[in-house]
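Just the heavy atoms: all of them, side chains too, but no hydrogens, waters or symmetry mates, feed the values below. On a predicted model such as this, the values are computed, not experimentally measured, just so you know.
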Amino acid sequence: MNPLTKRSKIVSDKKMTQLERLYLPGIISGMAITLKHFFSRKATIRYPEKKREFSEIYRARHVLKRDDEGRERCTACGLCALSCPAEAITMVADERKPGEEHLYREEKYARIYEIDMLRCIFCGLCEEACPKEAIFLTKEIVRSGYVRDVFIYGKDRLLEPADPDKRIDISKRQTPEVIEFKRDKNQRHNK
Amino acid sequence: MVLFKLILIVSILLISLVIAMYSTLFERKIAGFFQDRFGPDRAGPGGLLQPLADGVKLFFKEEFMPAKADKFLYIMGPSLTMLVALLTSAIIPWGPGITVKGTHYYFQVADINIGVLYSFAVVSVGVYGIMIGGWASNNKFSLLGAIRASSQMISYELAMGLSIIAVVMMTGSLSLKDIVEGQHGFNWNIWYQPLGFIIFLVCAYAECNRSPFDLPECETELVGGYHTEYSSMKLGFYLFAEYINMFISSAMISTLYFGGYNFPFMDSHALSVNAVGIIGTTVLFLKISFFGFLYMWIRWTLPRFRYDQLMYLGWKKLIPIAIVNMIITGLVIMIFR
């Protein structure tokens, strides 16, 4: 039988030699091992000061994008909610009134848009389903909390700031390949 | 001279307390480093204020006393442990001393001619602190811990005493000052008594109830051992006394086997008396820190003994070896002198 790892050892219940019975060599080799660990690189990441490096396409907290003129892109079609395997997304649609053209890009918009972060599994299917490029997942982590209510993120927290300088960069997620994939009519979600 | 002794006593007391306090931090730091972590580093720069935070925490904890505990003995336990832990420091020579205005001040509180015997007497009383604490708690785990502690300490005291007898035979004196001065320069006892040193080291670990001999407070079997029922500063005293014991026993090991404050080339004419005094004390503290580190190193390396293994090692291995060591030393002294 092949050993599973390089470090596996065959054990036996043979009698210990006189040297092994002395126990001292064992102690010294054990202490050498611990001393090696004493000087080795530490596994700890000092969290608040130093954050673990995430992948560029790490999937965490969502963001609702605005377009170049600062209008909400979401048209409350409900495809994200439909695609969501955890049923974490809830929305209430509303009609755009005259004079609100600078706020909403489409004639229909989401008056309420909520994601339950406790249900969400951060699979990214909402992002994949969205035909308006309105919802994306970001690298930012959902904060912990003591009560469940704080995990239901409404538009106040999901929507990105209107200020062009404070927009959330999602260019790593929306690569040309992704855009091409979204236009592909052979894919189920684009039919 | 009385004033000097008073200053010496107070400073030794303070130094032992501060060192014990910071040993708790270093213990945790070193434990962390041995386990590929950093250990506590949040309180103050590099975690330096951690002992203060721990102390404040212990002070503000609830003072709990079991309903059927013996009140007097319950308080007596930690006090006795602490007292005994501090007593031994009186006889340790801390340095060759300095000369100020023609008077030589030797850094030792009391040079009693039965120094080694005194330290043994004090260490034996140390059993009572644990025994009384465990008994007064009225808890089966505490009592078991106390019983383990007392039988362990009594067993290992024998081998310890026998291993020191060899040193005493070589020096011809029980006074620690004579023992240290007999190891002048690099003429340390460890070169003549390596076996005795190992026996003494093992016994010192057992006497301090440190891992791998920490059966009296074995968490996995006895909850907390003899201090299960203690809380707040009473618990703090027990834990604190353990670190003071470590410090003092490191000092004893350095004094008995590693030449105390002696260091090589201390006779060279470039050094004045005062320079030797200061370097000597520093050297002693370096030796003590090394043995303190060794305590922690061993603790985070070795697993705990089983109780029968502990007794087997103490009675059937260490005592016979110590006796053989003593006889060989005696023969060598008889033949060559």
Inspect the surroundings of NZ in B:Lys61 and state if more than 12 heavy atoms from other residues, nucleotides or ligands are less than 6.0 Å away.
-> no
For A:Thr44 against B:Arg37, the heavy-atom pair lying closest together = OG1-CA, 3.5 Å
Sub-4.5 Å side-chain heavy-atom contact between B:Phe33 and A:His37 | no
If we only count heavy atoms from C-beta on, is the B:Ile198 to A:Leu24 side-chain gap below 4.5 Å?
-> yes
Can you tell me if NZ on A:Lys50 sees more than 12 non-hydrogen neighbours from other groups inside 6.0 Å?
-> no
Do other residues, nucleotides or ligands put more than 12 heavy atoms under 6.0 Å from A:Glu100 CD?
-> yes
Heavy-atom side-chain proximity of A:Ile27 to B:Leu302 below 4.5 angstrom = yes
Taking atom CD of A:Glu101 as the centre, does the number of heavy atoms from other residues, nucleotides or ligands within less than 6.0 Å exceed 12?
-> yes
On a heavy-atom basis, the closest approach of A:Ser40 and B:Asp36 is OG-OD1, 2.9 Å
Cut-off 4.5 Å, heavy atoms of chain B, and the answer for A:Leu35 is both
Let me know if B:Ile30 has heavy atoms under 4.5 Å from chain A in its side chain, its backbone, both or neither.
-> both
Would one find more than 12 heavy atoms of other residues, nucleotides or ligands at under 6.0 Å from atom CG of A:Asp68?
-> no
Crowded around A:Leu118 CG? As in, over 12 foreign heavy atoms under 6.0 Å?
-> yes
What orientation do B:Phe34 and A:Phe38 show, parallel under 30°, tilted 30 to 60°, or perpendicular over 60°?
-> tilted
A:Tyr23, part contacting chain B, at a heavy-atom distance under 4.5 Å = side chain
Would you say the side-chain atoms of B:Trp297 and A:Thr34 include a donor-acceptor pair closer than 3.5 Å?
-> yes
Would you mind checking if B:Asp41 and A:Arg46 are paired as a salt bridge, meaning a charged N to carboxylate O distance below 4.0 Å?
-> yes
A:Lys42, NZ atom: more than 12 neighbouring heavy atoms under 6.0 Å | yes
Evaluate whether atom CG of A:Asp13 has more than 12 neighbouring non-hydrogen atoms of other residues, nucleotides or ligands under 6.0 angstrom away.
-> no
What part of B:Leu294 gets closer than 4.5 Å to chain A, counting heavy atoms only: side chain, backbone, both or neither?
-> side chain
